[in-house]
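Computed from a predicted model, the values in this text were never measured in an experiment. Lettering follows sequence order; numbering is per chain, from 1.
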Number of protein chains: 2
Amino acid sequence: MNTRKQHVIDIAHQLFIEKGFQATSIQDILDYSGISKGTFYNYFSSKNELLIALFTTLFKKIEKGQDDLLIGQDPKNIEIFIKQIQYKYETNRANKLLSLFDEVFYLNDEELKQFLKRCHIRSIRWLYERFIDIFGESKKPYLLDCAIMFRGILQNNQKYNSAANNSNVSIHDIVRYSVNRTVTMVEEVAETGEQLLPPELLDSWMPNCKKTNKAFQQKLYHSISTLKKSLIHNEDQAKYIELLDFILEELLHSKESRKFLIEMAIRSLKSEAGSLEKKELQQLEQLVANYFKQLEEAD
Amino acid sequence: MNTRKQHVIDIAHQLFIEKGFQATSIQDILDYSGISKGTFYNYFSSKNELLIALFTTLFKKIEKGQDDLLIGQDPKNIEIFIKQIQYKYETNRANKLLSLFDEVFYLNDEELKQFLKRCHIRSIRWLYERFIDIFGESKKPYLLDCAIMFRGILQNNQKYNSAANNSNVSIHDIVRYSVNRTVTMVEEVAETGEQLLPPELLDSWMPNCKKTNKAFQQKLYHSISTLKKSLIHNEDQAKYIELLDFILEELLHSKESRKFLIEMAIRSLKSEAGSLEKKELQQLEQLVANYFKQLEEAD
DNA sequence: AAATAATTGTACTGCCTGTATAAAAATCAT
DNA sequence: ATGATTTTTATACAGGCAGTACAATTATTT
């Protein structure tokens, strides 16, 4: 990667650590890195893209560090696992990755959200597979649940421990404590047979990005809600809202959206709309047209 | 409370559920509730204040609901506890409270953050005290850890279960499963004597809001970082940054800030500052003056 | 040296939160 | 009921933000 671009990422990372993502303006990044706005948008199409680039490099680094710890070692050895987790959390802490991750997850950007979800699932899957190494194939049906709970236990212990900053407990202690709890849990649920989520779910989570679909949903939702808003004080409000809700429903929740119905609904709205809504309706029409075009291409 | 004001809160709540807090603009709230901007800012001093008002009413409602379930019942009975937790999570889900809470925690507003932290600690304390009811005084030293871990287990189980929306596991099952794990954990740590956080910490967390202090910190930090930024291309950058960092350090991390040193530092900066920085320096001076005044009043 | 690509500076759009204020409407006190 | 006070409205405004547009300049390739 371009060293200049990497330099911008590093500066941004530093600023995100100090002030948080949302509190850091693009102008801040420009001032500190000494590049111009044009160059920034030549490198990244948006602030969120920069964040994705940052996360990508950090996650790669962490994954590599974790994998290196396993090389030439016995995967069954739980001490290695502890070292791996400890490494991850120490790196996270140094980079304030967890806060950043939390802060950013609920931003109103489908692409970013999908990316973060994928990272998330990836790390759960990693845990799950390491648990198979450690606890054996026979415990498999319970290990997704245990991976999820281990994550919760560790994360919360870590969070409250750093809140109690006077505490002299080290990350190593926290990891060991959390692992100890998990070992007992695995034994217990394997004994009683209790299960919440079957591990097969992981497969259905992984490839299922549907990125374009989600982005479409967001745009669609935005368009419909703008239209609804512009109708608030209209006398035939109820009728129009019904039509808009129908379009939404038909596009998102029916197995196969009926194109002619939706087109008819939009036409009907257009014929009675004021000039203000007309522009928005045209956008909606375009959006729907693109959606169907894309569907046909996929066949 | 004013019914009109409550109505605005309800409308806002609905919008936050549908679109999220950040994606809902004040204009949206005005349009849907039919009030004017002036009235809005008469009711709430900011969007964040509105959110605090919303959280306050919701939390009160949940706490009351939980307490009502305990009336006339045996506090030792774990079934009642399960019902209480189930009630809380069902209400949370209906109100999307957890997402809202997560979304909003990292906004750049100290007052809001302090408020949310207090809510957080409050709920952990509630768990801890219920655990004392259930598991007995003898287990007390381990019950803060267990409350924290229970929260993590439950929250994660719940999160992944709703992600796997095809799952037919009910909230009740998730709560019961999580409680079962916790019961074993309590026994285990009481046996082995492992402890991360002593419960006495709760007391030191609770009253210690230091709201004004935190708000001051935020303003101070902002002021210093603006000044730093304006010095980026200054030749004596390093010297000034050193001075600024000293002021920050002395004000925030020394037991008793030495007023005369800080005033001297600011004077020295002022004497050599450009006109641009002068305005910002004056604000910093004012901020520091107010801080010391407040300290003296507190004595 | 010419052609191509990267970078800069600046002005712009459009959205946002929050402020200011004068006019209108509603409520209260006498 | 009327005069005083508070609440509400409408509207314009300030300042900050992300992102776009584009012509002028500087680097890099060929």
**Message:** Please tell me whether F21(B) and H13(B) form a close aromatic pair, meaning their ring centres lie under 6.0 Å apart.
**Reply:**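 Judged by ring-centre distance (under 6.0 Å), F21(B) and H13(B) do not meet the cut-off.
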**Request:** Verify the ring-centre separation between Y32(A) and H7(A): is it less than 6.0 angstrom?
**Result:**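 No.
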Could you state the [atom1]-[atom2] distance from [X] to [N], rounded to the nearest angstrom?
| X | N | atom1 | atom2 | answer |
| --- | --- | --- | --- | --- |
| L50(B) | dT17(C) | CG | C1' | 13 Å |
| E49(B) | dT17(C) | CD | P | 16 Å |
| F21(B) | dT17(C) | CZ | C1' | 11 Å |
| N108(B) | dC16(C) | CG | C1' | 16 Å |
| I35(B) | dT11(D) | CD1 | P | 16 Å |
| R4(A) | dT28(D) | CZ | C1' | 13 Å |
| K5(B) | dT7(D) | NZ | P | 12 Å |

**Message:** Pairing donors with acceptors under 3.5 angstrom, does anything connect the side chains of Q14(B) and D10(B)?
**Reply:**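 Looking only at side-chain atoms, D10(B) and Q14(B) do not form any donor-acceptor pair under 3.5 Å.
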**Asked** Does any donor atom in the side chain of Q286(A) or Q282(A) lie under 3.5 Å from an acceptor atom in the other side chain?
**Response**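 Checked: Q286(A)/Q282(A) side chains show no N/O donor-acceptor pair below 3.5 Å.
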**Request:** Start with the C-alpha gap between L112(A) and F105(A), add the side-chain angles, then the distance that decides, and say whether side-chain contact (heavy atoms from CB on, under 4.5 Å) holds.
**Result:** CA-CA 8 Å; L112(A) 181 59; F105(A) 189 79; over 6 Å; no
**Request:** Go through dG9(C), dG18(C), dG19(D) for me and flag the one nearest to the K47(B) side chain.
**Result:**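 Between dG9(C), dG18(C), dG19(D), the one nearest the side chain of K47(B) would be dG18(C).
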**Request:** Output the single nucleotide from dT7(C), dT9(D), dG18(C) whose closest atom is nearest the side chain of S46(B).
**Result:**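 Minimum distance to the S46(B) side chain belongs to dG18(C).
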**Electrostatic pair R122(B):E63(B) at N-O distance under 4.0 angstrom** =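 So R122(B) pairs with E63(B) through a salt bridge.
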**Asked** By side chain to side chain contact (heavy atoms under 4.5 Å, CB included), which residues pair with F59(A), not counting sequence neighbours?
**Response**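 With sequence neighbours excluded, F59(A) shows a side chain to side chain contact (heavy atoms under 4.5 Å, CB included) to F55(A), L97(A), F101(A), C119(A), given in chain and number order.
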Using a cut-off of under 3.5 Å, enumerate the N/O to N/O pairs linking the protein to nucleotides 19-27 of chain C.
none

**Request:** Determine the sole option in T24(B), I9(B), I35(B) for which the side chain to side chain contact (heavy atoms under 4.5 Å, CB included) test with I29(B) is passed.
**Result:**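 Considering T24(B), I9(B), I35(B), a side chain to side chain contact (heavy atoms under 4.5 Å, CB included) with I29(B) is found only for T24(B).
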**Asked** Between N42(B) and N48(A), who's closer to the 5' end of DNA chain D by nearest nucleotide?
**Response**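 Its nucleotide being nearer the 5' end, the pick is N42(B).
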**Asked** NA contact type, F44(B), heavy-atom cut-off 4.0 Å: base, sugar-phosphate, or nothing?
**Response**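 It contacts nothing in the nucleic acid.
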**Request:** Would you mind classifying the nucleic acid contact of F40(B) as base, sugar-phosphate or nothing, using non-hydrogen atoms under 4.0 angstrom?
**Result:**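 No contact at all - F40(B) keeps every heavy atom at 4.0 Å or more from the nucleic acid.
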**Item:** Any T39(A) side-chain N or O less than 4.0 Å from OP1/OP2 of dT8(C)
**Value:**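 So the side chain of T39(A) is within the cut-off, an N or O lying under 4.0 Å from OP1 or OP2 of dT8(C).
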**Item:** Whether over 12 other heavy atoms sit under 6.0 Å from E242(A) CD
**Value:**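 Incorrect, the count does not exceed 12.
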**Asked** By a strict heavy-atom criterion of less than 4.0 Å, which residues belonging to residues 24-32 of chain A are in contact with DNA chain C?
**Response**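 Contacting residues: none.
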